[in-house]
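One structure is given below, encoded as structure tokens.
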Amino acid sequence: MDRKPEVLAYLKAQGEGSLGEVADHLGVTKQGALRHLEALRLAGLVVVSPATHRGPGRPEHRYQLTPAASELFPHGHRELAQELIEFVGSDALDRFFEERSKRLEAECTPHLEGLELPARLQELARLTTERGHMTEVVEERGRLMLRHHNCPIQDVASQTPYPCLREREMYEHLLGTDVERSSWLGKGDNCCTYDINHTKNTRGDVNG
């Protein structure tokens, strides 16, 4: 039985997954899941990232969709997003995302107060995941990053800069330090990555 469409749908919904997670989702052995994943990789629809340790047991490679895979899914929502942008207008759209960011910032602030930056990042990752971003904290070559594997506002963000600009500003306010985006789902990257300037002196209070 061809289970590859199920694998693609699972990875699209989750943002990424390990061999074990894909096998559990399909209800097959890891060897069975690997056959589907390898076929998708050879077709250019899935990429494999280096193994990372995420808890007890041996680390596993992570599988993600390529931009080519995303083209296999329906895109009527993109046209709808474009129509909404044209109808609302740029000024009103910016005000909407400014107010949205302020509301989210107000909701997150009490959860972050008093935390040092590393703990604040972990809590922010949890809060944004609850809101659909599927976020993890990553440290690479001495840099701390917030990494989104899903974006609820990607269809609008791919056509206007306002959502991402306001989101970055919100993270700077919540973390009390400079934040820069280094990868973006909208241009075909596998995730949206926000680099955190953790060398800047930050206070435990989120308004610092």
Side-chain angles (χ1 to χ4, degrees), residues 8-18 21 45-50 52 54 61-73 75 77-78 80-82 84-85 93-94 96-105 107-108 111-112 117-118 120-198 200 206:
L8 291 172
Y10 174 79
L11 292 177
K12 179 175 175 58
Q14 300 299 318
E16 64 171 17
S18 69
E21 290 166 348
L45 301 176
V46 166
V47 292
V48 188
S49 60
T52 56
R54 297 185 174 222
H61 293 288
R62 309 296 295 180
Y63 293 85
Q64 297 174 329
L65 298 184
T66 65
S70 67
E71 295 302 318
L72 299 177
F73 296 92
H75 296 303
H77 47 82
R78 292 182 182 172
L80 177 59
Q82 180 61 46
L84 287 171
I85 291 170
L93 196 68
D94 187 26
F96 170 81
F97 281 102
E98 181 180 20
E99 291 303 316
R100 179 179 184 271
S101 293
K102 288 180 179 178
R103 174 174 53 81
L104 293 175
E105 183 178 334
E107 292 175 0
C108 292
H111 298 275
L112 306 180
L117 183 59
R120 204 183 309 174
L121 278 169
Q122 292 292 343
E123 180 63 8
L124 184 56
R126 184 188 70 80
L127 293 168
T128 54
T129 295
E130 288 181 350
R131 289 159 176 79
H133 279 84
M134 298 178 61
T135 310
E136 63 176 340
V137 178
V138 180
E139 184 171 3
E140 293 180 358
R141 297 182 295 277
R143 294 187 305 162
L144 284 172
M145 294 168 277
L146 279 176
R147 183 164 289 169
H148 296 326
H149 295 287
N150 188 55
C151 179
I153 56 176
Q154 182 180 347
D155 294 326
V156 177
S158 65
Q159 300 182 59
T160 177
Y162 300 123
C164 296
L165 288 173
R166 295 303 183 182
E167 187 172 70
R168 184 185 62 78
E169 290 174 356
M170 177 181 68
Y171 290 157
E172 287 190 332
H173 295 161
L174 289 171
L175 296 172
T177 191
D178 296 332
V179 174
E180 294 294 335
R181 191 182 67 193
S182 58
S183 71
W184 184 40
L185 285 160
K187 69 173 184 179
D189 294 327
N190 291 318
C191 57
C192 291
T193 303
Y194 287 93
D195 296 347
I196 313 301
N197 180 11
H198 60 289
K200 182 178 178 180
V206 299

Mind checking side-chain hydrogen bond (donor to acceptor under 3.5 Å, both in side chains) for [X] and listing every partner two or more places apart, or none if nothing turns up?
| X | value |
| --- | --- |
| Tyr194 | Glu167 |
| Glu169 | Arg166 |
| Thr135 | Thr128, His148 |

Closest approach of [X] to [Y] (non-hydrogen atoms, all atoms of both residues):
| X | Y | result |
| --- | --- | --- |
| Glu172 | Val179 | OE2-N, 3.0 Å |
| Leu185 | Gln154 | O-NE2, 3.6 Å |
| Trp184 | Ala157 | CZ2-O, 3.2 Å |
| Arg120 | Leu175 | NH1-O, 2.8 Å |

How long is the straight-line distance from [atom2] of [Y] back to [atom1] of [X], given to the nearest 0.5 Å?
| X | Y | atom1 | atom2 | answer |
| --- | --- | --- | --- | --- |
| Lys102 | His173 | NZ | NE2 | 9.5 Å |
| Leu174 | Cys108 | CG | SG | 5.5 Å |
| His149 | Lys12 | NE2 | NZ | 15.0 Å |
| Glu140 | Asp195 | CD | CG | 9.0 Å |
| Cys192 | Met145 | SG | CE | 13.5 Å |
| Leu45 | Tyr63 | CG | OH | 14.5 Å |

Pairwise side-chain contact, [X] with [Y], heavy-atom cut-off 4.5 Å (strictly under):
| X | Y | value |
| --- | --- | --- |
| Val46 | Thr66 | no |
| His133 | Leu146 | no |
| Gln64 | Leu11 | no |

One pair to check against side-chain contact (heavy atoms from CB on, under 4.5 Å): Thr160 and Phe97. What are the steps and the verdict?
CA-CA 11 Å; Thr160 177; Phe97 281 102; 5.6 Å; no

Given side-chain contact (heavy atoms from CB on, under 4.5 Å), test Tyr10 with Glu21 step by step and report yes or no.
CA-CA 10 Å; Tyr10 174 79; Glu21 290 166 348; 3.5 Å; yes

Pair Glu99 + Arg103, salt bridge at N-O below 4.0 Å
no

Quick test of your reading of the model: are Arg62 and Glu136 salt-bridged, counting only N-O distances below 4.0 Å?
no

